[in-house]
Amino acid sequence: MNTELVRVRFAPSPTGQFHIGGVRTALYNFIYARATGGVFVLRIEDTDLERSNMESEKLHMEGMKWLGMDYDEGPDKPGEFGPYRQSERLEIYKKYADELITKGKAFYCFCTDEELLEKKEKAKAGGLNPNYDGTCRNLSHDEVSKRLQKGEKAAVRFKVPIKAFTFKDRVKGEVTFPENMVGDFIILRSNGLPVYNYCCVIDDYLMKITHVIRGDDHLANTLRQLMLYEAISVSPPEFAHVSLIVGHDRQKLSKRHGATSLNWYKDETYFPEAVVNYMSLLGWSHPEEKSIFDLEELKRVFTIDRFVKSPATFDNEKFKWVNGQHLRSISCERLLDQIGNILPQNHRYFEQDDEWRKNCVELFREKVDLSKDMWPMIDRLFDASVEQSDGMNEINSWETTPVIREYLKSEMLRLDAENREFPTISDVNSWMKHLKGELKIKGKPLFMGMRAVLTGQDHGPDLKMFVCLTPVKIILSRLE
RNA sequence: GCUCCCAUCGUCUAGCCUGGUCUAGGACUCUGCCUUUUCACGGCAGCAACAGGGGUUCAAAUCCCCUUGGGAGUACCA
């Protein structure tokens, strides 16, 4: 096996939200680094000046942090291979491009957009492939420098060799690209800025990247990159092209499928653990087929050979379930923390003591998959209204219910007179004892009756606990 | 159009490389039951798939070919 230090990277272009698909590729790279004791690099691919922006870059970095993916080198974590923003590496790309030109492996191209478009249309109409036609490929030295001196705009194109390329992908296996698949392509735009396929190669080489784990949509790009590696006499890294995440229409996941940004899920109160867990499961499987696990376990069991070749449909239903599993196992503190951020500042929840709040989240966490769904349940604790429903009507029609109501009302009035804020478990127990013993009510009429009368609903969480969390005054108004 | 990639329950997937142990296993969803004198969690059970056609072989979900279907790429985007 290869004993050299594994170096992997996540290279987002900061042009918007941190996309969920990006989260996944970042995750795989991160885990692979941690699983192999390697290094994880964050590189910002911001050569598209029009669309790149700092806010987006920040979004990506914060997202990584939130998910627990700490990178070893990056724009804000200097390492020996920086800078880590492509916009700050422009001289480097220029230098290598000049070298390619000198070696006759690249050339200046003076063709304008309009000319290019026209030629492409023509080729298409004639049934030929619309590759670059080579107009500027063999211009003489003199002509080039003359036109350059005149200030004519020129891009730099790579001279594509006429040959097929084959490489071994760690996911797809052996992939062959026939010759003539692409024409001479641009590596430096006429404004001097490099193009993705080019700087990607230069950077991966210079940053000593050993493994490139990325989306399937880059598979075709690998051809151009392979050509470039060959041109600069560098052996390419290992590639692993992971299948894409698609929507229910089997199309690449995008904005029109609804939520695709990490922050959306964060705002929906998904846990970072759940995001990591579910994302890892789209296109990869746990060796023991477990579906619930954490980052630490992932680091232990992750291997590249468990990737799935076919695209995976993003399923919100299962994602929610995964979150629910984590919601149930997470520490009470974390939960308290999160609930504290969801509820509005003036919520009566915040007026209660620590003990109450703890009991509250412990009671409701079993019932929901998403923390935010606890909100309406907590609201109910302070809602004096009595629900109108068929179930309630039925319970109220029982002859035992008025008896229960009468008795509990007197009990609640007593508690209120004693200035008691909440009933206790022993209160509830003694009521039940009395109702059973003295009033001979038991079974369903007893429990359902108590529930309806005390909570104003014919359904809900554990009755005793629920009652103990409800203020006496609220229960009293329900009883009126 | 051309190039490349892919194809197991509705969905995520195991199995495929190294054919027999697969009357194809697990998970989500759905349904039923148990538990909880409620609800949920949990437990148990059920529904449900090897895209089609040809080969190869004693034997194919597994290997080969074709068809069909799906996806991605074909930029001075990444």
Side-chain angles (χ1 to χ4, degrees), chain A residues 11-15 45-48 50-52 86 109 111-113 116-117 120 124 127-132 153-157 169 171-173 175-178 180-183 185-197 199-200 214-224 241 243-244 246 248-252 278 281-292 305-306 308-322 324-325 328 363-369 377 391 442-448 450-452 455 457-463 466:
Chain A
S13 51
T15 56
E45 308 222 325
D46 55 351
T47 55
D48 185 348
E50 312 268 296
R51 297 196 300 149
S52 300
Q86 290 188 327
C109 172
C111 298
T112 62
D113 280 347
L116 255 18
L117 196 70
K120 193 176 268 182
K124 249 185 185 165
L128 301 163
N129 52 338
N131 291 344
Y132 180 67
K153 284 261 183 207
V156 177
R157 271 183 200 276
D169 189 272
V171 178
K172 308 283 182 190
V175 178
T176 302
F177 300 105
N180 247 192
M181 197 175 141
V182 294
F185 56 92
I186 303 257
I187 57 175
L188 236 48
R189 300 174 173 100
S190 49
N191 66 4
L193 286 169
V195 136
Y196 165 74
N197 279 118
C199 31
C200 180
R214 67 194 349 176
D216 209 354
D217 48 342
H218 285 289
L219 189 61
N221 284 328
T222 311
L223 170 61
R224 289 183 174 81
H241 286 94
S243 59
L244 262 18
V246 296
H248 280 294
D249 54 1
R250 308 297 304 178
Q251 308 268 313
K252 185 174 164 179
Y278 182 63
L281 246 19
L282 287 174
W284 181 83
S285 65
H286 189 287
E288 291 155 38
E289 284 212 70
K290 285 166 99 174
S291 37
I292 301 299
D305 55 9
R306 293 200 67 82
V308 175
K309 288 181 174 187
S310 45
T313 309
F314 187 86
D315 182 18
N316 235 316
E317 208 62 50
K318 187 150 184 181
F319 191 7
K320 252 170 102 166
W321 175 80
V322 168
Q325 297 298 307
R328 251 142 249 142
L363 177 64
F364 293 134
R365 84 195 301 184
E366 297 297 324
K367 301 192 58 89
V368 297
D369 283 333
M377 295 179 169
K442 58 187 180 194
K444 197 173 176 183
L446 170 65
F447 273 77
M448 288 305 274
M450 279 184 76
R451 173 177 293 282
T455 73
Q457 287 182 318
D458 59 356
H459 60 271
D462 179 74
L463 182 59
F466 193 81

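Reminder, nothing fancy here: chain letters follow the sequence lines and each chain counts from 1. These values consider heavy atoms only, across backbone and side chains, with no hydrogens, waters or symmetry-generated copies.
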Student: In this structure, how many angstroms lie between the P atom of G15(B) and the CD atom of Glu288(A), rounded?
Tutor: 13 Å
Student: Mapping Phe319(A) and Pro445(A) onto RNA chain B by nearest heavy atom, which one lands closer to the 5' end?
Tutor: Phe319(A)
Student: Check every strand shown and say whether Gly173(A) touches a base, only sugar-phosphate, or nothing at a heavy-atom separation below 4.0 Å.
Tutor: nothing
Student: Regarding Cys199(A), tell me which of base, sugar-phosphate or nothing describes its non-hydrogen contacts under 4.0 Å with the strands shown.
Tutor: nothing
Student: Check side-chain contact (heavy atoms from CB on, under 4.5 Å) between Thr313(A) and all other residues, then give those that pass, not counting sequence neighbours.
Tutor: Val246(A), His248(A), Arg250(A)
Student: What about Lys309(A): does its side chain form a donor-acceptor pair under 3.5 Å with the base of A7(B)?
Tutor: no
Student: Taking atom types as they are modelled, is there a donor-acceptor pair under 3.5 Å from the base of A78(B) to the side chain of Asp217(A)?
Tutor: no
Student: Taking 4.0 angstrom as the limit, do Asp217(A) and Lys252(A) come out as a salt bridge?
Tutor: yes
Student: Within this structure, what is the NE2-to-P distance between His218(A) and U74(B), rounded to whole angstrom?
Tutor: 11 Å
Student: Does the structure show a Watson-Crick or G-U wobble partner for A60(B), both distances under 3.5 Å? Name it, or say none.
Tutor: none
Student: Just how far, in rounded Å, is P of G71(B) from CG of Leu219(A)?
Tutor: 17 Å
Student: Backbone N or O of Leu281(A) within a donor-acceptor pair of the Ser285(A) side chain at under 3.5 Å?
Tutor: no
Student: Classify Pro461(A) by what it touches in the nucleic acid, base, sugar-phosphate, or nothing, heavy-atom distance under 4.0 Å.
Tutor: base
Student: Could you list, one pair per line, each protein nitrogen or oxygen that sits under 3.5 Å from a nitrogen or oxygen of nucleotides 22-25 of chain B, together with the distance?
Tutor:
residue, atom, partner, partner atom, Å
G25(B), N2, Glu289(A), OE1, 2.4
G25(B), N2, Glu289(A), OE2, 2.8

Student: Who does A51(B) pair with, Watson-Crick or G-U, both distances under 3.5 Å?
Tutor: U67(B)
Student: Considering just the side-chain nitrogens and oxygens of Gln325(A), establish if one lies under 4.0 Å of OP1 or OP2 belonging to G42(B).
Tutor: yes
Student: Give a yes/no answer on whether the side chain of Arg224(A) brings an N or O atom under 4.0 Å of OP1 or OP2 in A75(B).
Tutor: no
Student: State whether Thr313(A) places a side-chain N or O below 4.0 Å from either non-bridging phosphate oxygen (OP1 or OP2) of C12(B).
Tutor: yes
Student: When the C1' atoms of G71(B) and U36(B) are considered, how many whole Å apart are they?
Tutor: 48 Å
Student: Please classify the nucleic acid contact of Asp113(A) as base, sugar-phosphate, or nothing, using heavy-atom distances under 4.0 Å.
Tutor: base
Student: Could you pick out which residue, Phe314(A) or Glu366(A), lies toward the 5' side of RNA chain B when each is mapped onto its nearest nucleotide?
Tutor: Phe314(A)
Student: Students often get this wrong, so: under 4.0 angstrom with heavy atoms, is Thr47(A) touching a base, only sugar-phosphate, or nothing?
Tutor: sugar-phosphate
